[in-house]
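Atom set for the values below is all heavy atoms of this structure, side chains included, hydrogens, waters and symmetry mates excluded. Whatever order the structure lists ligands and atoms in, that order sets their numbers, starting from 1. Just so it is clear, the structure is predicted and the values come from calculations on it, not from any experiment.
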Amino acid sequence: MKLFIDSGNLKEIEALVPLGIIDGITTNPSLLAKEPGDYRELLKRICDIVQGPTSAEVVATDVDGMLREGRELAKIDKHIVVKVPFTKAGVQACKTLTSEGHRVNVTLVFSATPALPAHKVRATYVSPFVGRLDDIATSGMNLISDIVQIFDNYDFTTEILVASTRGPIHIVDAARMGADICTCPASVIEAMFKHPLTDIGLERFLKDWEKAQTVKA
Ligand code: E4P
């Protein structure tokens with residue numbers, strides 16, 4: 001399973017990419033709105049750092065506007081993936097953009113019904129939001145399981161990108177269910193590296209090593 005960072009923050013991205021475990025980035029208008037400067041320059045810098053798929057979302061809600069914005073976003077860098085919401089306009093724009101050779105991420109997916117339309121318009125990714133479903137007492141992970149089953153039934157090539165993750169358990173569940181990608185805020189990726197037994201174990205190894213060196217000396 002590929003791991004993406006869900007962020008538009010350069011510091012977060014620069015800190016995690018050198019680990020060698022990051023395959024791409026997802027952004028959205030809320031994330032980019034928090035960052036200073038021109039969003040196009042920011043997206044370009046992100047693409048240069050990550051050298052992998054970087055989703056950038058349109059803000060137009062009509063087909064023509066989405067196409068105009070999508071084509072402009074795609075010009076920023078070869079790694080840009082145009083993100084469109086799962087609306088009728090978004091699906092129609094996806095069909096045109098993919099037929100022009102652009103990659104498209106269909107986002108804001110909260111049920112399994114978008115699976116078929118997303119595949120038909122050749123979406124590169126479909127992004128179900130697990131955390132926002134959990135927030136309203138509905139299992140986000142059940143949705144992933146349903147979509148994985150539907151895609152497997154028909155060998156759909158659209159990749160399932162698990163979004164709106166809230167903790168490392170979402171990464172484990174997404175991988176267990178066979179999702180293609182999990183995108184996480186930097187804090188969730190940082191949390192993967194936190195286990196008290198690792199810290200205690202490392203401390204003990206180092207102490208034992210140090211003690212042995214003193215005895216041998
Ligand atoms: C995904 O592409 C979205 O940017 C993101 O995962 C939304 O997450 P949120 O529900 O934490 O805002």
Side-chain angles (χ1 to χ4, degrees), residues 1-13 16-17 21-35 39-40 42-43 46-47 49-50 52-61 66 69-70 73-74 76-77 79-87 90-91 93-94 97 102-112 114-115 118 123-144 147-148 158-175 177 179-192:
M1 185 178 72
K2 285 169 268 187
L3 187 62
F4 287 7
I5 315 174
D6 194 32
S7 175
N9 184 275
L10 273 183
K11 273 195 185 145
E12 290 178 349
I13 294 168
L16 290 171
V17 167
I21 60 169
I22 303 302
D23 303 290
I25 301 287
T26 49
T27 68
N28 63 41
S30 305
L31 290 171
L32 291 183
K34 286 196 277 187
E35 304 302 323
Y39 73 93
R40 286 164 291 237
L42 177 59
L43 285 167
I46 293 173
C47 290
I49 297 166
V50 180
T54 299
S55 288
E57 190 162 343
V58 299
V59 289
T61 52
M66 286 182 181
E69 289 179 12
L73 287 167
I76 294 174
D77 191 275
H79 293 297
I80 291 287
V81 176
V82 179
K83 211 172 173 191
V84 299
F86 181 71
T87 58
V91 167
C94 178
L97 289 167
H102 301 299
R103 287 178 297 166
V104 178
N105 177 354
V106 174
T107 190
L108 287 171
V109 166
F110 294 95
S111 78
T124 316
Y125 308 120
V126 64
S127 290
F129 278 37
V130 294
R132 293 193 195 186
L133 281 172
D134 290 351
D135 291 346
I136 56 160
T138 304
S139 167
M141 278 300 160
N142 281 352
L143 171 60
I144 302 305
I147 298 179
V148 168
T158 298
E159 292 189 61
I160 301 166
L161 192 164
V162 178
S164 181
T165 54
R166 300 279 190 260
I169 193 66
H170 278 149
I171 303 177
V172 176
D173 286 342
M177 289 172 186
D180 301 287
I181 304 153
C182 192
T183 190
C184 305
S187 58
V188 171
I189 297 171
E190 296 284 354
M192 283 171 70

So, applying side chain to side chain contact (heavy atoms under 4.5 Å, CB included) with Y125, which one of T26, I160, V81, T107 is it?
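Among T26, I160, V81, T107, the one that satisfies the side chain to side chain contact (heavy atoms under 4.5 Å, CB included) with Y125 is V81.
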Quickly, which of P85, C94, P128 forms a side chain to side chain contact (heavy atoms under 4.5 Å, CB included) with V106? Name it, please.
C94
Donor-acceptor check, side chain of S30 to backbone of N28, threshold 3.5 angstrom: yes or no?
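Looks like no, no N/O pair under 3.5 Å.
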Shortest protein heavy-atom distance from [atom], along with the residue and atom involved:
atom: atom 7 (C) of ligand 1; answer: F129 CE2, 3.5 Å
atom: atom 4 (O) of ligand 1; answer: N28 ND2, 2.7 Å
atom: atom 5 (C) of ligand 1; answer: D6 OD2, 2.8 Å

Going by the order shown, which atoms of ligand 1 are within less than 4.0 Å of some heavy atom of [X]?
X: R132; answer: 7 (C), 9 (P), 10 (O), 12 (O)
X: T26; answer: 2 (O)
X: R166; answer: 9 (P), 10 (O), 11 (O)

Against ligand 1, does K83 come closer than 4.0 Å with any heavy atom?
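Contact present.
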Pair H102-T124, side-chain contact (heavy atoms from CB on, under 4.5 Å): steps then yes or no:
CA-CA 9 Å; H102 301 299; T124 316; over 6 Å; no
Ignoring angles and geometry beyond distance, decide whether [X] reaches within less than 3.5 Å of ligand 1 through its nitrogen or oxygen atoms.
X: T165; result: no
X: S127; result: no
X: S164; result: yes
X: T27; result: no

Is the shortest heavy-atom distance from the side chain of E57 to the side chain of L73 under 4.5 Å?
no
Nearest-0.5 Å distance, [atom1] of residue [X] to [atom2] of residue [Y]:
X: F129; Y: T183; atom1: CZ; atom2: OG1; answer: 9.5 Å
X: T54; Y: I76; atom1: OG1; atom2: CD1; answer: 10.5 Å
X: D23; Y: C182; atom1: CG; atom2: SG; answer: 11.5 Å

